[in-house]
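Heads up: the structure comes next, in structure tokens.
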Amino acid sequence: MRRKSAGVKQLRTHYFFALRLPKETKEYLHTWQKQFTLPFKRLVHPDDYHITFAFLGEAEKEPLQQAVEAVSRIVEQTPPFFVEIDSVGTFGRKQSPRIFWAGTKHNHRLFDIQKQIFQAVMEAGFQLDSKPFRPHITLAKKWNGDQSFANAAGSLNAKPPFHVFKADSVVLYQTHLDRLPMYEEKVRFRFKNEE
């Protein structure tokens with residue numbers, strides 16, 4: 001039996017279900033963000049943009065498969081819908097936020113599908129974060145500026161992003177902390193075909 005070397009750090013992998021963004025939406029947000037030179041420690045790779053529905057963390061094979069089957073049934077019965085990106089915001093301290101995000105206009109369909117997926121994943125045995133759902137697309141992490149974010153980001157509110165896209169699928173992503181982009185698409189679930 002081979003033992004792990006004491007000097008080798010084992011990278012943990014996590015899973016999460018999220019709304020997949022179309023390529024055009026990712027390109028739009030990336031282009032919009034490039035207008036502003038805001039000193040965050042890490043800019044999220046455009047291919048990693050998404051809206052999280054349920055963060056599973058580490059996952060055993062059997063409950064993960066159970067969650068996948070449940071989410072598949074939910075998504076296949078849900079027609080596609082449109083999502084409007086219309087704002088920006090932050091999480092964390094106002095002066096030095098840990099997350100900078102693009103937000104969506106309130107959308108009942110988005111909240112409904114998240115609620116169903118969240119419940120299905122809980123029933124599969126996962127312990128999920130009980131914070132209220134706040135749909136957002138993370139663009140950057142960890143403020144690293146010499147001045148406060150509020151002082152540096154005045155132009156953001158003057159010209160917030162505005163974009164509408166058709167939500168057509170949900171994805172089970174796996175994280176890879178040693179890669180860029182970080183998120184690997186494991187399974188894609190397409191919304192109900194309306195044709």
Side-chain angles (χ1 to χ4, degrees), residues 9-21 25-59 83-108 110-115 117-118 121-122 126-165 167 170-184:
K9 186 177 180 182
Q10 187 73 12
L11 288 174
R12 293 185 303 166
T13 188
H14 296 144
Y15 295 88
F16 61 94
F17 289 103
L19 185 71
R20 179 180 173 273
L21 303 188
T25 301
K26 294 177 179 181
E27 289 174 350
Y28 169 82
L29 286 171
H30 183 59
T31 301
W32 175 85
Q33 184 178 1
K34 284 197 300 186
Q35 299 175 79
F36 310 99
T37 53
L38 296 176
F40 282 90
K41 285 186 180 177
R42 185 165 78 82
L43 298 179
V44 174
H45 192 287
D47 287 347
D48 284 338
Y49 293 165
H50 66 273
I51 297 175
T52 301
F53 285 147
F55 181 77
L56 283 61
E58 297 181 62
V83 176
E84 183 179 314
I85 298 169
D86 67 350
S87 60
V88 291
T90 60
F91 294 141
R93 294 176 57 217
K94 289 184 178 180
Q95 301 305 315
S96 55
R98 57 183 174 78
I99 300 289
F100 171 60
W101 47 260
T104 65
K105 186 176 181 179
H106 186 79
N107 184 312
H108 293 290
L110 191 62
F111 275 79
D112 184 56
I113 190 73
Q114 187 274 338
K115 184 179 179 181
I117 290 173
F118 191 92
V121 172
M122 290 274 284
F126 290 91
Q127 299 288 322
L128 302 181
D129 190 337
S130 59
K131 289 178 188 165
F133 177 51
R134 292 185 62 185
H136 65 278
I137 302 153
T138 299
L139 302 176
K141 297 183 177 183
K142 297 184 181 176
W143 179 251
N144 196 32
D146 293 330
Q147 59 179 318
S148 74
F149 173 80
N151 290 339
S155 56
L156 291 174
N157 292 323
K159 194 178 180 184
F162 180 82
H163 179 80
V164 178
F165 68 91
V170 172
V171 170
L172 173 68
Y173 286 106
Q174 180 180 8
T175 62
H176 297 282
L177 298 177
D178 57 341
R179 298 185 196 171
L180 203 61
M182 285 176 48
Y183 305 136
E184 177 188 359

To the nearest 0.5 Å, atom CZ of Arg98 lies from atom NZ of Lys141 at 9.5 Å
Is the closest side-chain heavy-atom distance between Tyr173 and Leu56 below 4.5 Å?
no
Minimal heavy-atom distance between Phe111 and Pro135, with the atoms involved, is CZ-CD, 3.7 Å
Find out whether Leu21 and Phe165 are in side-chain contact, i.e. whether some heavy atom of one side chain is under 4.5 Å from a heavy atom of the other. yes
What one should report as the nearest heavy-atom pair of Leu128 and Phe55 is CD2-O, 3.2 Å
Sequence neighbours excluded, the answer for side-chain hydrogen bond (donor to acceptor under 3.5 Å, both in side chains) partners of Thr25 is His163
Side chain to side chain contact (heavy atoms under 4.5 Å, CB included) filter on Arg93, not counting sequence neighbours, yields Ser96
> So does Glu58 have more than 12 non-hydrogen atoms from other groups sitting under 6.0 Å from CD?
Replying inline: yes
- Just wondering, do Thr138 and His136 contact through their side chains at under 4.5 Å, heavy atoms? yes
Shortest non-hydrogen pair, Phe133 vs Thr52, comes out as CE1-O, 3.3 Å
Asp48 side chain vs Met182 backbone, donor-acceptor pair below 3.5 Å:
yes
Lys94 meets the side chain to side chain contact (heavy atoms under 4.5 Å, CB included) criterion, sequence neighbours left out, with none
Taken in chain and number order and not counting sequence neighbours, the residues that satisfy side-chain hydrogen bond (donor to acceptor under 3.5 Å, both in side chains) with Gln95 are Ser148
For Phe162 and Glu84, the nearest pair of non-hydrogen atoms, with its separation, is CE1-OE2, 3.2 Å
CG of Asp112 to CG of Asn107, rounded to nearest 0.5 Å, is 10.0 Å
Minimal heavy-atom distance between Thr104 and Leu110, with the atoms involved, is OG1-CD2, 3.9 Å
Derivation of the side-chain contact (heavy atoms from CB on, under 4.5 Å) call for Leu19 and Ile113: CA-CA 10 Å; Leu19 185 71; Ile113 190 73; 5.9 Å; no
- Message: Side chains of Leu139 and Trp32, heavy atoms from C-beta outward: is any pair under 4.5 Å?
- Response: yes
Self-check item: Contact check, side chains of Pro46 and Leu29, non-hydrogen atoms, under 4.5 Å
Solution: no
Contacts of Ala140 meeting side chain to side chain contact (heavy atoms under 4.5 Å, CB included) (sequence neighbours excluded), chain-then-number -> Gln33, Phe40, Leu43, Phe100
When every non-hydrogen atom of His45 is compared with those of Leu180, the smallest separation belongs to CD2-CG, 4.0 Å
Ring pair (Phe, Tyr, Trp, His ring centres under 6.0 Å) test vs Phe16 passes for just one of Tyr183, Phe126, Phe53, namely Tyr183
Applying side chain to side chain contact (heavy atoms under 4.5 Å, CB included) to His108 and not counting sequence neighbours gives His106
Would a 4.5 Å heavy-atom cut-off, applied to side chains only, mark His14 and Gln174 as touching? no
